[in-house]
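Please read the structure below before turning to the comments.
A quick note: this is a predicted structure, and the numbers were derived from the prediction, not measured.
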Amino acid sequence: MLKISTLFTFFLFSIATIAQTFTLKSNDIGGQMTSKQVFNGFGCSGSNVSPQLSWSNAPEGTKSFAITIHDPSAPTGSGWWHWLIFDIDASVNDLVSNAGNIEANLAPKGSIQSVTDYGAFGYGGPCPPQGHGFHQYVITIHALKVASLGLDKNTNAAVVGFNLFANTIEKASIVAYYKRD
């Protein structure tokens, strides 16, 4: 029979092991996008502010990070890319709210915000078709094995995604929803 102290030690070890996984968090969003994050255009009237994001427990060998926001529910056949920011230095562990606003210059130095499916650089918030129901916004941090993807801001989302796939060590995501009635 196991002693209570042995079970307690095992329990603490299990919690510590779980807590050490690569994790993405946000102080701005939970399970829903808000009007603060919603796009301002295409019939939407949000503030178009990218959410604050932070991450911890990056895997060994991480040389840079990338953040993507993708809506797989968009009726395009390939979803909709809302944000692609990459070449984030490995010493960085958060993005402030509105870092996706190119003019605000809040993104980490040296990072690149490439073109979204809106045809613009930086963050473009949710704006699903009216009456289309809930759309899913997958916010993903990629821990990369390279310091730079070797791409520029004009690189389209498919090519960025291809390079992320080839260089990701680990990734973590938050899923948030939004619908426009």
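- When atom types are taken as modelled, the side chain of H82 and the backbone of G125 share a donor-acceptor pair closer than 3.5 angstrom.
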Applying side chain to side chain contact (heavy atoms under 4.5 Å, CB included) to N154 and F121, what does each step give before you reach the verdict?
CA-CA 8 Å; N154 296 305; F121 303 105; 3.3 Å; yes
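- Residue V115 comes nearest to N156 through the heavy atom pair CG1-CA, 4.0 Å, listed as atom of the first residue, atom of the second, then distance.
- Taking hydrophobic clusters as Ile, Leu, Val, Met, Phe, Trp and Tyr residues chained together by side-chain heavy-atom distances below 4.5 Å, I29 does not share a cluster with Y177.
- Here the side chains of S111 and F65 are not in contact, with every heavy-atom distance at 4.5 Å or above.
- Q113 and G100 get closest at one heavy-atom pair: OE1-CA, 3.3 Å.
- Note that the OG atom of S56 and the CZ atom of F22 stand 8.5 Å from one another [nearest 0.5 Å].
- Looking at Q52 and S54, their side chains come closer than 4.5 Å, going by heavy atoms from C-beta outward.
- K179 has its side chain within reach of F134: a pair of non-hydrogen atoms, C-beta onward, lies under 4.5 Å apart.
- Between P126 and H135 the shortest side-chain heavy-atom distance does not fall below 4.5 Å.
- Linking Ile, Leu, Val, Met, Phe, Trp and Tyr residues whenever their side-chain heavy atoms come within less than 4.5 Å places I174 and I88 in a single cluster.
- D28 and S26 share no side-chain donor-acceptor pair at under 3.5 Å.
- Two residues are said to be in side-chain contact when any heavy atoms from C-beta on lie closer than 4.5 Å; W55 and L95 meet this criterion.
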What do the steps show when you test I112 against L151 for side chain to side chain contact (heavy atoms under 4.5 Å, CB included), and what is the final call?
CA-CA 8 Å; I112 297 171; L151 307 173; 5.9 Å; no
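- Note on L84: it does not cluster hydrophobically with F39, by side-chain heavy-atom contacts below 4.5 Å among ILVMFWY residues.
- In this structure a side-chain-to-backbone donor-acceptor pair under 3.5 Å is missing from S64 to L144.
- No side-chain heavy atom of T140 sits under 4.5 Å from any side-chain heavy atom of L24.
- For the pairing with H70, the ring pair (Phe, Tyr, Trp, His ring centres under 6.0 Å) check across W80, Y137, W83, W81 returns one residue only, W81.
- G41 approaches C127 most closely through the heavy-atom pair O-SG, 3.6 Å.
- A donor-acceptor pair is defined here as one N or O able to donate and one able to accept, closer than 3.5 Å; such a pair exists between the side chain of S73 and the backbone of Q136.
- Here the straight-line distance linking atom OG of S47 with atom CG of N98 works out to 9.5 Å at 0.5 Å rounding.
- One finds the CD1 atom of I67 at 10.0 Å from the OG atom of S50 (value rounded to the nearest 0.5 Å).
- Atom-to-atom distance recorded for K145:NZ and T168:OG1 is 9.0 Å, nearest 0.5 angstrom.
- Residue H142 holds its NE2 atom at 11.0 Å from CG of N167, rounded to the nearest 0.5 Å.
- For S148 and D87, the side-chain atoms include at least one donor-acceptor pair closer than 3.5 Å.
- V138 and Y123 are assigned to two separate hydrophobic clusters, defined by single-linkage of ILVMFWY side chains at heavy-atom distances under 4.5 Å.
- In this structure, the separation between CZ on R180 and OG on S45 is 9.0 Å, given to the nearest 0.5 Å.
- In this structure, the side chains of E170 and N57 stay at 4.5 Å or more apart for every pair of heavy atoms.
- Contact check for N101 versus L106: no side-chain heavy atoms found under the 4.5 Å cut-off.
- Grouping the Ile, Leu, Val, Met, Phe, Trp and Tyr side chains by contacts below 4.5 angstrom, directly or via other members, places L164 apart from V92.
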